[in-house]
Amino acid sequence: MFIIKCPYCGERDHSEFNYGGEAHLVRPKQPTELSDDQWAEYLFMRKNIKGLQYERWNHSHGCRRWFNVSRDTSTDKIHSVYKIGEKPSK
Amino acid sequence: MKKKYSIFALVKNSLSYHENWQRAWRDPEPKSRYDAVIVGGGGHGLATAYYLAKEHNLKNIAVVEKGWIGGGNTGRNTTIIRSNYLWDASAGMYDHALKIWENLSQELNYNVMFSQRGVMNLAHNQHDVRELKRRTHANRLNGIDCEWLNVEQVKKFCPIINCSPNIRYPVMGSTLQRRAGTARHDAVAWGYARGADAMGVDIIQNCEVKGIKRNGDSIEGIETTKGFIKTQKVGVVAAGHSSVIANMAGLRLPLESKPLQALVSEPIKPIIDTVVMSNAVHAYVSQSDKGELVIGAGTDSYISYTQKGTHEIVEGTLKAILELYPIFSRLRMLRQWGGVVDICPDASPIISKTSIKGLYFNCGWGTGGFKATPGSGHLFAHTMAKDEPHALNEAFNINRFISGDLVDEHGAAAVAH
Amino acid sequence: MLNFISPITESHTYNNFSMSEKTPITKINLRGDLENKDFASKAGKILGMILPNEACTTSTKEKITCMWLGPNEWLLVSNDTIDKKSNNHELERLLFKDISKTNLGAVTNVSDHYTIFNLSGSNIFEILSKGSPFDFDSEYFGDNKVVQTILNHVDVTIHRKTKENVDLYVRRSFSDYLWAWIKDSSRFI
Amino acid sequence: MSNEYRLSSGGQINRSESISFKFNGRTFHGYKGDTLASALLANGIHLVGRSFKYHRPRGIFSSGVEEPNALVQIIKDQGKTDPNLRATQIEIYEGLNATSQNCWPSVNFDLGSINNLFSPIIPAGFYYKTFMWPANLWENVYEYFIRRAAGLGKSPTKKDPDNYDHIYYHCEVLIVGAGPAGLVAAKIAANAGKKVLLVDERPNFGGNLNFSNKDYNKINGLTPLEWIKKTCLDLENNKNIKILNRTSVAAYHNYNYLIMVQNLTDHLADKDKNDQIRQRLWKVRAKKVILATGSIERPMIFDCNDRPGIMLSSAVRKYANTYGVKCGNNISFFTNNDDAYETAITLHNKGVKINSIIDIREKSNADLPKKCDELGIKIYWKSAVIYTEGYKKINNIHVMSLSKDNSSVIGNKLKINCDLLCVSGGYTPAVHLFTQSGGKLEYNEKKHYFFPKKNTLYQISIGSCNGTFGLKNIISEAQEKTREFLSIKEVDRLDVLTPKGGDFENIWLLPSNKISGKTKSFVDYQNDSTANDIKLALREGFKSIEHVKRYTTTGMATDQGKIANMHALGIISEITNTKLGELGTTTFRPPYSPITFGALVGRNVGKFFDITRKTPMHDWHEKNNAKFEDVGQWKRAWYYPSDKESMYDAVQRESKAARTSAGILDASTLGKIDIQGSDASEFLNRVYTNAWSKLAIGKCRYGLMLNDDGMVYDDGVTTRLDENHYIMTTTTGGAATVMGKLEDFLQTEWPELKVYLTSVTDHFATISVCGPHSKKILEKVTQSIDYSDDNFPHMSFKHGLIDKIKCRVMRISFTGELSYEINIQANYGQSVWEKCMSVGREYGITPYGTEAMHLLRAEKGFIIVGQETDGTVTPVDLQMDWIVSKKKYDFIGKRSLYRSDTMREDRKQYVGLLTNDPKEILEEGAQIVAEVKSKPPMDMIGHVTSSYYSPNLNKSIALAVVKNGKKLKGKRLYIPMKNKTIEVTVSDTIFLDKEGKRLNA
């Protein structure tokens, strides 16, 4: 049960949020140009990192905003949160 | 040669106060090279080694295990075994496993306590009924035993289920696979380990893989905490950690590793003689031979390797249990734990070659791998030995994610198995 | 003449806790980008107030209260009830004309999307704490603050007017269930 | 009343309040403040249970949560019996009725004890080695008997009548454990103005200080009890602190999230319980946590160390000081530390005979042993108990001297008669919660215990759970560490008197004069695992401690190894000679002590099991005898049977009426999303498969939404209300996920689009009126709308008024009939519905439910997402190519439609099926084959997705997905059922009104 600091609302209980998977996977602007392999890379293949992962969360039961989180998946410790379009604060 | 286990052996050994039992398996140091190395000493990995040695007479085989054998999901799951899957590919593969289960204790001379007490999947709404009947028909035409029970029959087969029409999600029927059931999880790992060891397989514990050495597109060996091991064939059966190994080889897999939790009650006298699962009312339960109720449900949604899930999952699971079995309310949770399960987008496993020659993956079993252990090992051994899939695991190749030919078993997997 | 039938048909009192529905109330969801000066000034002019720009804050004029729901989202609520017969939402008309029509933002009438429970008594937050992980003691949650959170798995918006007087917003289809749950909770204080 | 073991004075029991209770059918008396254990001991009862495997007689061993033996079943009615409770924790009340478990016919004469005779051939793991032949006997014979022999107490067989509750709580400082350390910390924190929560699992605060010897322990000149009393009083008067007794912390999760259970009524007599909450689950978020969970005394491991009458020394002291009970009249001690001497002195001073103290140490010059010497108590230094006698109660011990290196026993064997043996093997810090929180332990080689080393959270451990022993050390540590942890400047110092202690020496497994194979030295009492079992496991190659634990079941009993684990580890480290520090511990898993399912679930049972969502017209449906269908959390009207009508007849009637006169449906559950913004059209282009830019204002269009994997995800009609304003409808089940998905794309993939989405699902009541008379009805219900076809054609919408109330009317149809959908503010919905009913009466308007709706759309071949589709179906498979824009550059899912598998010609495709016998109704989910084989397996080429008897066509119709279905029209296929095979012919999916004339009828 994490406490997640929504960049808009501040610290809230885990249960107010939804997980959105690996962050910074940009949907190809021209999918039709891609080979089946390349499309599969975007669609299915994941880093599934053990360690520091950049991931998406949605404050779905609060302000409904999506944002990014950097979290160590081997300890669940959250290192930083940052808005969509921003770079993770090191 | 291993001495046979039997009641007579027990009596005989009792005379010498059990001081003359053989080791179940050796504790060797790794050799410098092997014909094949299995990464991961869980049930699937040990079974793979066992069948490689037994059916493909590879003798120079090692199983390397980061911790202790059977210490991952093999020793953490709720031991449900069934084969009532929807799609032909799954049904074929899981029933192949079930058939091996039926004689596994004798095959291994190790009592894995496979108990065919039946598995029920309850329906709670129109959609469930439609989908479960669809599965029942598919199973029947695939030659897999599976019956549809109406509410009266459910009540009769498992009287403690709350079949009142007035609960929030009344039971509307159920499937029943009588050949399905449970087994003793540790025994499966130990039995395969003992069997593999007897055929000369080196089981190397506390040996973590640190890197995978490639020469262009083929495998040269693995770096481990016990040194470099040369080999041309590496079979990775690392469950939740499959992606970690894949990353060492520069591969990406369609996997997410998530926390799955289970719990047991304090032991009580026999109260439930079958396995009951429910999708809409999210939980499943059986009773161990020791008397503990063994309970589980779904995963958390986020990736984590901590082997810890959220309290809310446990609470939600027990909420469902009490909805179906109000008589359990005063029983007490003795122990709860978590594991890390690797889940594919189509809720089906990968038993496959990869783009790297000599590197094979057996992963993506999600929440339901235990039931497949013998079949998974058997098919993976074939795939590694022949460098091509067995007919029964062709559909579970990694390329399906490129072609789109998925084996979508979410219906079967909606609740952790 | 159509009957106006709100989902809650009773009021509830237990010890010194009581709960009743507030209706009919105009509720309008306002969307727009505060960076956009036109939007901000137009909205401000119509509402006669500056839109709250901080999480959990509200601002109130004699006719309406404006609650922060997100960086580009607000809930506007009329302070008094409106006429059931005409069901005229004057504010909606104004805002829609000047903000939605002009593509400055979005204006959506959600008057019946939400049901309002008015809670009063000395132990409101003790009752809410039976089902909400939010820290109602937190320094950020004083009077005239609003928070969106969950209450026994239901999404709610909680407007603390004072420690002993709270408006709780819940989607209409959930209101019957949540009402029963709060009622049951109040027995065990 | 007998109470012959009750001391004449002393204890914290209320001797003026006598309480009667039943144990194994006999009536006893105790006092208010007794536990079941203390009351039984006062009556001379030690034997309370039988062990799990060998059914050996077992007595009360401890005085608290660590008790492995004294498990009892509380008998009430079948709904209220409690198995496996510890007699040491049950506070007695008038009417308490308890029995022993796992024994038959009685605890005194237990047939199961025959297992004890077989014990030589059933060592650890024996069941892995046998019961394999013949295979088919396992579950019916072997397992059957094993299961019945195993298990402890019995489950209730009726519903639990008690209430449980939950509460979230937030605090600055949580203190777990109210022993001396916890009390000191609490006082400091509360005085510093922090919001403090102090919890302890026991009814009284003070921990072990409650029963420590008052002559040797003083704080600021006060006796232990005086100091506890004063401190608790101060705390109660401090408004910053909340204090909970009978509250056990079950689990310590990440981010200082702790789960605890508060027991509120179990200690009360039924008459005092009323309707109160039995247990409350506390979900606590603490900024900082102070663990003061104390320590657990260890036993000694020697041959036959499990007999009734062998107890922990500290427990015996507690029974004497707290309950005024002497556990024996002629007492021996077996110890390796000074603590046992404090017990000896305490009992001696109460006039109980102490016949001997056997101490494995060379000598100790500490205060307490000296005192015992003075008192003339016989001490046997450098000696060990090697055996005990007495089947149901110990009656003597065998003692021999220890060799220099403690590896063997030497000299002559001495027999000492006694009726009680107090054992003390030193103390193990209770680090369970610390490790649960992710903290790492370190092993202290000198003191022989694991203690908290480092942790990642805002948390400290103080007192004996941190490996700090002796009142003086405990209190000064508590003060210093708390002060530092909470960054407080000053704390007033306390002046503590405590006896000077000696070292303690440790032998994990005591030597014996027998060959070890012949000894039964129990490590885990409840699971009957012995030192020999552990040796066997190691001998067989089970190397990891987790393996040994699982193979021998050591530490897996209901006490989760509180007594057993340390010695198991010690024995393993000795045999494998690995340093304990390297060996590590097994994982400490939650909960610390068992908690009821009831408490974990709270009030979320019965009607609160899950949310129930209702439409504005729900009450009307109920009043009109609707049967409801669960669709997600919604209750939807399924069908409206008239009194004797069957479901089938009702649905047939409703479906017929909808096409012949008029039908009315509650469609309020459909998701509705209000879409505004200058890029609204472009947004729709990207999320739907078809094109939207050209849709005229005032028009409606059907849309199909895919996942990016190309599979059908949702569908619905979207209406263009204005240039940049749309209202989208989604499926009932999909509403929330679609909204979420669209917001996701908008915020993360397409932030450049100026679009705002607002859910208005609950704002509108949606009433669909269809059938030949629907237009006439609508004309009377609404004002100011011209319903002429040219003004208001199919797939368009109008604003309207119903009695001054604004509404939107869409002319759209899911039944294929002329059909209108009224959307009006929810609170007017039921009134409008009633108006439609009264206006429609003359036209025979008939309310129809979801089942008839499904039938009607099937007649027209309209799909239902989730019924015709299952996440593996593309629009092309559905033969809906017409809705997939070829021109559009991209939309969600487009690329996936062009993968090798999704482009296959022979995929499963959407078709209609007609049975040769029009009366034959197929079963939904039935599988389809091209050729029937005599027996399975058969190649399945598809399955039936929908099937009904159509009252409007007077024949059965079905929809299906079939491999290569597009090409199979007119072909004959087969449906092999269990006991018959049904012939079907592949047909078009539209069974009725192909031309769509009825839309304008």
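Only heavy atoms go into these numbers, but all of them, side chains included; no hydrogens, no water, no symmetry mates. Every chain is numbered from 1 and lettered A, B, ... according to where its sequence line falls, protein lines coming before strand lines.
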Looking at [X], I'd like to know if its [atom1] atom is crowded, meaning that more than 12 non-hydrogen atoms belonging to other residues, nucleotides or ligands lie closer than 6.0 Å.
| X | atom1 | value |
| --- | --- | --- |
| K22(C) | NZ | yes |
| E54(C) | CD | no |
| K101(C) | NZ | no |
| I50(C) | CD1 | no |

**OP:** Give the ring-plane orientation class for F608(D) versus Y177(C), where under 30° counts as parallel, over 60° as perpendicular and anything between as tilted.
**Re:**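 Ring orientation of F608(D) relative to Y177(C): perpendicular.
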Is it the backbone or the side chain of [X] that comes under 4.5 Å from a heavy atom of chain C, or both, or neither?
| X | result |
| --- | --- |
| K754(D) | neither |
| L281(D) | neither |
| I727(D) | neither |

Nearest heavy-atom neighbours spanning [X] and [Y]:
| X | Y | value |
| --- | --- | --- |
| S111(C) | Q825(D) | CB-NE2, 3.9 Å |
| F188(C) | D275(D) | CE2-O, 3.9 Å |
| Y756(D) | G32(C) | OH-CA, 3.4 Å |
| S173(C) | W634(D) | CB-CH2, 3.3 Å |
| I805(D) | K84(C) | CD1-O, 3.8 Å |
| R171(C) | T761(D) | NH2-CB, 3.6 Å |

Which one, [options], leads in non-hydrogen pairs under 4.5 Å with chain D?
| options | value |
| --- | --- |
| L2(C), D112(C), L178(C) | D112(C) |
| N152(C), V107(C), N109(C), D137(C) | N109(C) |
| F174(C), Y114(C), F136(C) | F174(C) |

Original post:
With side chains defined as the heavy atoms from C-beta onward, is the minimum distance between N827(D) and R172(C) less than 4.5 Å?
Top reply: yes
**OP:** Compare all side-chain heavy atoms of P133(C) with those of K283(D) and state whether any distance is below 4.5 angstrom.
**Re:**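 No, side chains not in contact.
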[X] side, atom [atom1]; [Y] side, atom [atom2] - distance, nearest 0.5 Å:
| X | Y | atom1 | atom2 | value |
| --- | --- | --- | --- | --- |
| L69(C) | T758(D) | CG | OG1 | 10.0 Å |
| H166(D) | S129(C) | NE2 | OG | 14.0 Å |
| Q676(D) | I99(C) | CD | CD1 | 10.5 Å |
| S100(C) | D722(D) | OG | CG | 7.5 Å |
| S185(C) | D165(D) | OG | CG | 7.0 Å |
| T9(C) | D619(D) | OG1 | CG | 7.5 Å |

Proximity breakdown for [X] and chain D, heavy-atom pairs closer than 4.5 Å:
| X | result |
| --- | --- |
| F96(C) | side chain |
| K27(C) | neither |
| N103(C) | side chain |
| S138(C) | neither |
| N29(C) | side chain |
| F134(C) | backbone |

**OP:** Decide side chain to side chain contact (heavy atoms under 4.5 Å, CB included) for H113(C) and S759(D); before the verdict, give the C-alpha distance in whole Å, the side-chain angles of both, and the deciding distance to 0.1 Å.
**Re:** CA-CA 8 Å; H113(C) 188 65; S759(D) 168; 3.6 Å; yes
Subject >> H153(C) versus Q633(D), side-chain donor and acceptor atoms under 3.5 Å >> reply: no
Original post:
Will you find, in the side chains of T108(C) and D674(D), an N or O donor that is under 3.5 Å from an N or O acceptor?
Top reply: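 A donor-acceptor contact under 3.5 Å links the two side chains.
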Subject >> Lys/Arg-Asp/Glu bridge criterion (N-O < 4.0 Å) met for D184(C), K607(D) >> reply: no
Shorter than 4.5 Å, heavy atoms on both sides: which option in [options] has the most such pairs with chain C?
| options | result |
| --- | --- |
| D610(D), I611(D), N604(D) | I611(D) |
| K614(D), E723(D), R603(D), Q830(D) | R603(D) |
| H618(D), Q276(D), R280(D) | R280(D) |

